[in-house]
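Note that the numbering runs from 1 along the sequence shown for the chain. Quantities reported herein were computed from a predicted structural model and do not represent experimental measurements.
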Amino acid sequence: MSKVVKIEKVVYGGYGLAKDDKVYFVPYTMEGEEVEIEVIEEKKDYSLANPIRIIKPSLERQEPVCKYFTLCGGCDFQHIPYEKQVEIKKEILKDQLIRIGKIELPIEKVYPSQPFNYRNKAQFKFDGKNFGFYKPNSNQVVDIDYCYLLKEDLNQIIHPLKKFLLKYALTPSQVVVFSNSKNQKLIKFVFPDSSQIVNVIPKIEIYKNEIDENIKGIGFYDKEKRQILLGEDVVFESVDNYKYRVSMDSFFQVNIFQIKNLIDLVIQEVKDKGYKKAVDFYCGVGTFSIPLAFYTKEVLGMEANEEAVKDAKANVRHNNLKNLKFLKAKTEKGLKYAKEFKPEIIVFDPPRSGLNKMIIKEISNIDSIQKIIYISCNPSTLARDLKSFKEHGFNPLKVSMVDMFPQTHHIESVAVLERI
């Protein structure tokens with residue numbers, strides 16, 4: 001049964017919030033709109049609903065550029081003009097900080113992105129027939145021929161990739177492609193089991209000829225473990241004067257227009273401040289550790305992913321640094337090394353789940369720490385963790401927002417804390 005509601009505002013998760021007899025979360029809507037909805041899931045305190053018809057649209061509503069919008073689960077904001085998207089995200093970030101963290105801070109700086117063609121990495125799904133991305137909240141694959149979020153060269157290989165898989169009767173469940181600024185590519189074919197891997201053609205030239213001449217390396221995986229490698233395992237990426245080696249199984253920031261802004265936000269907190277030592281947790285390939293090493297006397301990076309640590313160690317050489325070390329360690333184990341190292345600066349770039357209370361407590365007990373820089377992709381866990389840090393003697397000073405994911409509800413931010 002349908003009903004009509006009025007959207008009060010857009011909240012975290014990309015939903016329009018409506019209140020009637022109860023609270024409703026409705027995707028693909030805007031503030032002030034009257035919408036006919038259909039409830040798809042009843043929860044104790046709220047209901048999830050789909051919009052059937054926009055009865056009274058917002059004056060700001062726009063026509064989405066992508067024909068797969070709402071069919072594919074990748075975007076949820078294409079109906080909103082980009083400037084408005086940034087404004088909404090800024091308000092959501094402020095709201096989460098106040099509501100969850102009890103922290104009232106102005107958003108100091110906001111860095112908009114180029115709104116389309118910004119992603120350097122794609123995770124395509126394949127079901128043997130359809131090649132593309134999952135529908136929202138499902139494992140059903142939407143067959144696509146273009147994605148407005150991807151770098152142009154990644155779009156150009158969608159058709160050749162699908163054609164190749166059908167021609168050679170290969171059915172990987174996932175094809176992951178990373179492309180650097182020179183359009184050099186690493187491709188991962190991930191199969192549900194190893195039965196098909198024995199049938200792959202072990203000559204990289206065929207893939208270069210039929211898919212893309214810029215392929216540098218291809219890995220064939222049985223779920224997550226690589227069984228075969230053709231060509232090279234790594235490509236290089238440059239940001240400003242920093243050089244990064246990125247391998248098939250490590251992580252690098254996905255928005256090509258925003259990596260420099262993220263680095264700059266970290267560096268401006270360290271530059272000319274006279275800090276001697278910094279520790280970079282969840283350091284990946286050294287995205288922040290390497291720039292930090294140019295502005296402090298000693299840096300220690302810690303990362304649990306073995307491949308990322310190998311890249312990070314290689315990146316020490318590629319940037320001619322003598323004052324930077326990397327350790328393979330989960331953050332909980334790495335705390336011991338951090339205590340011995342006695343840093344003044346800590347940088348965190350954790351997963352969406354944020355930090356746990358033990359990490360926050362242990363870090364706060366390291367007397368040498370003066371400043372914490374917290375890079376977050378989840379404002380809810382950021383707000384929770386900032387509140388916890390405040391209780392342990394660190395005052396949140398400022399927060400900046402870097403829009404890493406235009407057309408989606410995801411929010412990236414950088415918070416700075418100093419010991420009270």
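Looking at Asn305, its side chain never comes within 3.5 Å of a backbone N or O of Ser250 through a donor-acceptor pair. Proximity of a side-chain donor or acceptor of Gln85 to a complementary backbone N or O of Ile80 within less than 3.5 Å is detected. Between the side chain of Arg419 and the backbone N or O of Ser364, at least one donor-acceptor pair lies under 3.5 Å. Using modelled atom types, no side-chain atom of Glu237 and backbone atom of Lys243 make a donor-acceptor pair closer than 3.5 Å. Put simply, the side chain of Asn315 gets close to the backbone of Val285: a donor and an acceptor are under 3.5 Å apart. Side-chain N or O atoms of Ser173 include one that pairs as donor or acceptor with a backbone N or O of Val190 at under 3.5 Å. A donor-acceptor pair is defined here as one N or O able to donate and one able to accept, closer than 3.5 Å; such a pair exists between the side chain of Gln62 and the backbone of Gln78. Of the possible polar contacts, one joining the Glu344 side chain to the Lys276 backbone as a donor-acceptor pair under 3.5 Å is found. A donor-acceptor pair under 3.5 Å is absent between the side-chain atoms of Asp76 and the main chain of Gly14, judged by distance alone. Side chain of Gln258 to main chain of Tyr111: a donor-acceptor pair is present (N/O by atom type, distance under 3.5 Å, no hydrogens or angles).
Of the N and O atoms on the side chains of Thr287 and Gln253, not one donor lies less than 3.5 Å from an acceptor on the other residue. Counting only N and O atoms by type, the side chains of Asn365 and Glu362 include no donor and acceptor under 3.5 Å apart. With hydrogens and angles left out, the side-chain atoms of Ser47 and Glu42 include a donor and acceptor closer than 3.5 Å. Side-chain contact annotation: Ser380 with Gln96, donor-acceptor N/O pair under 3.5 Å present. A side-chain donor from one of Tyr82 and Asp403 sits under 3.5 Å from a side-chain acceptor of the other. Side-chain atoms of Lys277 and Thr296 include no donor-acceptor pair closer than 3.5 Å. Side chain to side chain, Asn255 and Ser113 meet the donor-acceptor criterion of an N or O pair below 3.5 Å. A donor-acceptor contact closer than 3.5 angstrom links the side chains of Asn130 and Asp127. Side-chain polar atoms of Ser247 and Asp233 form no donor-acceptor pair below 3.5 angstrom.
Residues satisfying the side-chain hydrogen bond (donor to acceptor under 3.5 Å, both in side chains) test with Lys361, not counting sequence neighbours, are none. For Asn395, there are no side-chain hydrogen bond (donor to acceptor under 3.5 Å, both in side chains) partners at least two apart in sequence or on another chain. Every residue meeting the side-chain hydrogen bond (donor to acceptor under 3.5 Å, both in side chains) condition with Asp95, not counting sequence neighbours, appears here in chain and number order: Arg99. Considering only residues two or more places apart in sequence or on other chains, Tyr275 meets the ring-ring contact (aromatic ring centres under 6.0 Å, His included) condition with none of them. Looking at residues two or more places apart in sequence or on another chain, you find a ring-ring contact (aromatic ring centres under 6.0 Å, His included) between Phe405 and His410.
Minimum interatomic distance between Ser353 and Thr381 (heavy atoms only, all atoms of both residues): O-CG2, 3.6 Å. Scanning both residues, Ser58 and Met30, for their nearest heavy atoms gives OG-CE, 3.8 Å. Between Leu292 and Val266 the shortest heavy-atom distance is CD2-CG1, 4.1 Å. Closest of all the heavy-atom pairs between Thr29 and Pro51 is CG2-CB, 4.3 Å. Nearest heavy atoms, Val26 versus Asn50: CG1-C, 4.3 Å. Ala308 approaches Glu303 most closely through the heavy-atom pair CB-CG, 3.8 Å.
Under the salt bridge (Lys or Arg N to Asp or Glu O under 4.0 Å) criterion, no residue pair touches residues 113-126, with sequence neighbours excluded. Pairs passing the ring-ring contact (aromatic ring centres under 6.0 Å, His included) check and including a residue from residues 175-194, sequence neighbours excluded, read Phe189-Phe220. Within the structure, every pair that satisfies the ring-ring contact (aromatic ring centres under 6.0 Å, His included) test and touches residues 326-383, not counting sequence neighbours, is listed here: Phe281-Phe348. The ring-ring contact (aromatic ring centres under 6.0 Å, His included) analysis of residues 241-262, with sequence neighbours excluded, yields the pairs Tyr242-Phe294, Tyr244-Phe252. Screening residues 282-298 for salt bridge (Lys or Arg N to Asp or Glu O under 4.0 Å) gives no qualifying pairs among residues at least two apart or on separate chains. For residues 38-73, every residue pair satisfying the ring-ring contact (aromatic ring centres under 6.0 Å, His included) rule, not counting sequence neighbours, is listed here: Phe25-Tyr46, Tyr28-Phe69, Phe69-His79.
Taking 4.5 Å as the limit, some side-chain heavy atom of Phe116 sits within range of a side-chain heavy atom of Gln407. Two residues are said to be in side-chain contact when any heavy atoms from C-beta on lie closer than 4.5 Å; Val23 and Asp45 fail this criterion. A heavy-atom distance below 4.5 Å is found between the side chains of Ser289 and Leu324. Contact check for Asp349 versus Phe288: side-chain heavy atoms found under the 4.5 Å cut-off. The closest side-chain heavy-atom distance from Val416 to Ile372 is not below 4.5 Å. In this structure, Leu186 and Val177 have side chains that are not in contact, with every pair of non-hydrogen atoms separated by 4.5 Å or more. Contact annotation: the side chain of Arg245 approaches that of Lys310 to within less than 4.5 Å [non-hydrogen atoms, C-beta and beyond]. The shortest side-chain heavy-atom distance between Arg61 and Glu33 falls under the 4.5 Å cut-off.
No salt bridge links Asp249 with Lys225; every basic N to acidic carboxylate O contact stays at or beyond 4.0 Å. For the pair Lys84 and Glu87, the salt-bridge criterion is met [side-chain N within less than 4.0 Å of a carboxylate O].
More than 12 heavy atoms of other residues, nucleotides or ligands lie within 6.0 Å of NZ in Lys102, so this atom counts as buried by the packing criterion. In the displayed structure, Lys271 atom NZ is contacted under 6.0 Å by at most 12 heavy atoms of other residues, nucleotides or ligands. More than 12 non-hydrogen atoms from other residues, nucleotides or ligands lie less than 6.0 angstrom from CG of Asp193. Applying the 6.0 Å contact sphere to CD of Glu340 captures more than 12 heavy atoms from other residues, nucleotides or ligands. Within 6.0 Å of NZ in Lys3 there are more than 12 heavy atoms belonging to other residues, nucleotides or ligands. Applying the 6.0 Å contact sphere to NZ of Lys273 captures more than 12 heavy atoms from other residues, nucleotides or ligands.
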Do any side-chain atoms of residues 147-162 form donor-acceptor pairs under 3.5 angstrom with protein atoms, and if so which ones, sequence neighbours left out?
{"from": "Lys151", "atom 1": "NZ", "to": "Asp153", "atom 2": "OD1", "distance (Å)": "3.4"}
{"from": "Lys151", "atom 1": "NZ", "to": "Ser179", "atom 2": "O", "distance (Å)": "3.4"}
{"from": "Lys151", "atom 1": "NZ", "to": "Ser179", "atom 2": "OG", "distance (Å)": "2.7"}
{"from": "Lys151", "atom 1": "NZ", "to": "Asn180", "atom 2": "O", "distance (Å)": "2.6"}
{"from": "Lys151", "atom 1": "NZ", "to": "Asn183", "atom 2": "OD1", "distance (Å)": "3.2"}
{"from": "Glu152", "atom 1": "OE1", "to": "Tyr146", "atom 2": "OH", "distance (Å)": "2.8"}
{"from": "Glu152", "atom 1": "OE2", "to": "Tyr146", "atom 2": "OH", "distance (Å)": "3.3"}
{"from": "Asp153", "atom 1": "OD2", "to": "Ser179", "atom 2": "OG", "distance (Å)": "2.6"}
{"from": "Asp153", "atom 1": "OD2", "to": "Lys185", "atom 2": "NZ", "distance (Å)": "2.8"}
{"from": "Asn155", "atom 1": "OD1", "to": "Cys147", "atom 2": "N", "distance (Å)": "2.7"}
{"from": "Asn155", "atom 1": "ND2", "to": "Cys147", "atom 2": "O", "distance (Å)": "2.9"}
{"from": "Asn155", "atom 1": "ND2", "to": "Leu150", "atom 2": "O", "distance (Å)": "3.4"}
{"from": "Lys162", "atom 1": "NZ", "to": "Asp143", "atom 2": "OD1", "distance (Å)": "3.1"}
{"from": "Lys162", "atom 1": "NZ", "to": "Asp143", "atom 2": "OD2", "distance (Å)": "3.0"}

